[in-house]
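Take a look at the structure set out below.
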2 protein chains.
Amino acid sequence: MFISTRGRYAIRIMIDLAEQNSSDFIPLKDIAERQDISEKYLESIINQLVKGRLVTGRRGKGGGYKLLKNCQDYTIYDILVLTETSLAPVACLDDNGEGCRRATTCKTFPFWKELDQTITQFLSHRTLADLLEEHTGGNYCI
Amino acid sequence: MFISTRGRYAIRIMIDLAEQNSSDFIPLKDIAERQDISEKYLESIINQLVKGRLVTGRRGKGGGYKLLKNCQDYTIYDILVLTETSLAPVACLDDNGEGCRRATTCKTFPFWKELDQTITQFLSHRTLADLLEEHTGGNYCI
DNA sequence: CATATTCCTATCATATCACATGGAAATTAA
DNA sequence: TTAATTTCCATGTGATATGATAGGAATATG
Ligand code: FES
Ligand code: FES
């Protein structure tokens, strides 16, 4: 599996926040209920989104989370690159593993690079706004 | 990681067989040595390729494995679909999991489907012959 | 103060991956 | 026929990643 629950849940969090269409902070408890996902698990995911400056959080009564930008300004790539451990389709392309020793001679390497580019382009050409439009025809955003 | 070593090794096996450019059976031991991969691990992989009719094997002295078709007639998709447990980028698309309960209403589902199609198209439009040409400029195949 | 909520640091169960072990069956060369 | 070779088959194993869970400290409201 390429995209794990972390990344998928992260996108659903972002969509949920966008759909509230509010300038208030939204408590994670509400998101967890609506999305039917463990609040504690979502916590660890949304923390990554906060650290990556995709959303901001406020503690205490009346606190919660809120988007920092308009949803057409979030690409799916932005969200996944923060929450997935790696977006490389094969280990040979992974920077953490210093790439592959065989890469210079291996006949498959150029192919993997092309696959990676294809996927990355796809993910970075779609925004949160695109996903919101899917089922409604209208745009929740702005 | 999307494609595991199984799929990657399977492709390298197929490339290795094609490069020998021989009508003889090639022993797995030789392939394992050339590719520097555990023979026993390759064994379980190439078995899947045999069962999927991509290659054929013969036991005993002078035995080994050999391709059944010309290499331009093998797509990368053909190879990976046999050796990877799933080529679905997300669990929501996986048939084994009967897909996702939320799929009908979830705003991310159409997006995942498009991603899946993009990847599948990429994989099924490249053949073994394409990979062989990468580094040589020439075509080993036929 | 009491309450709500984010933040932070662990821990855990399960599954998958990459590979190893130990043979049985088939094929050929001697 | 015998020995050597090689595919076929089933099962085991250690490491790692995934998908959570638990407990509590810090911060904000009223
Ligand atoms: S084995 Fe890593 S690029 Fe081929
Ligand atoms: S959660 Fe499965 S399609 Fe959205």
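To find a chain, count down the sequence lines: A is the first, B the second, and so on, and within it residues start at 1. Keep in mind that this is a model prediction, so the values were computed, not measured.
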**Message:** If you define the side chain from C-beta out and look only at heavy atoms, does anything of B/I13 sit under 4.5 Å from B/V55?
**Reply:** no
**Prompt:** Does the side chain of B/I3 reach to within under 4.5 Å of the side chain of B/E84, using non-hydrogen atoms?
**Reply:** yes
Can you see if the side chain of [X] gets near the phosphate of [N] - specifically, an N or O under 4.0 Å from OP1 or OP2?
X	N	value
A/Y65	C/dT5	no
A/T85	D/dA17	no
B/T5	C/dC17	no
B/S44	D/dC8	no
A/Y41	D/dT18	no

Protein-nucleotide distance ([X], atom [atom1]; [N], atom [atom2]), rounded to Å:
X	N	atom1	atom2	answer
B/D94	C/dT16	CG	P	11 Å
A/R8	D/dT18	CZ	P	13 Å
B/K51	D/dT7	NZ	C1'	12 Å
A/I26	C/dT6	CD1	C1'	15 Å
A/E39	C/dA4	CD	P	13 Å
A/L49	C/dT6	CG	P	13 Å
A/I45	C/dC8	CD1	P	17 Å
B/K66	D/dT7	NZ	C1'	15 Å

Can you give me the N/O atom pairs linking the protein to nucleotides 11-15 of chain C at distances under 3.5 Å, or say none if there are none?
none

**Message:** Check whether A/Y9 forms a cation-pi arrangement with A/R6 (NZ or CZ under 6.0 Å from the six-membered ring centre, at most 45° off the ring normal).
**Reply:** no
**Request:** Please tell me which of A/M1 and A/L28 maps to the more 5' nucleotide of DNA chain C, matching each residue to the nucleotide holding its nearest heavy atom.
**Result:** A/L28
**Complete:** The nucleotide from D/dA20, C/dC8, C/dA18 with an atom nearest the side chain of B/S4 is C/dA18
**Asked** Side chain of A/P27: nearest nucleotide among D/dT7, C/dT5, D/dA20?
**Response** C/dT5
Tabulated below should be each protein N or O lying under 3.5 Å from an N or O of nucleotides 23-30 of chain D; please produce it.
unit_1, atom_1, unit_2, atom_2, d
D/dG23, O6, A/K40, NZ, 2.5
D/dG24, O6, A/K40, NZ, 3.3
D/dT27, O4', A/R59, NE, 3.3

**Prompt:** Taking all non-hydrogen atoms of both residues, which atom of B/F2 and which atom of B/L87 are closest, and how far apart?
**Reply:** CZ-O, 3.2 Å
[X] (side chain) donor-acceptor with [Y] (main chain) under 3.5 angstrom:
X	Y	value
A/Q48	A/L82	yes
A/D36	A/E33	no
A/R126	A/Y77	no

**Message:** Just by distance, no angles: are the side chains of B/T75 and B/D78 close enough, under 3.5 Å, to form a donor-acceptor pair?
**Reply:** yes
**Item:** Which residues share a salt bridge (Lys or Arg N to Asp or Glu O under 4.0 Å) with A/R58, sequence neighbours left out
**Value:** none
**Prompt:** Under 6.0 Å between ring centres, would you say that holds for B/F122 and A/F111?
**Reply:** yes
**Prompt:** How would you label the contact of B/F25 with the nucleic acid (heavy atoms, under 4.0 Å): base, sugar-phosphate, or nothing?
**Reply:** nothing
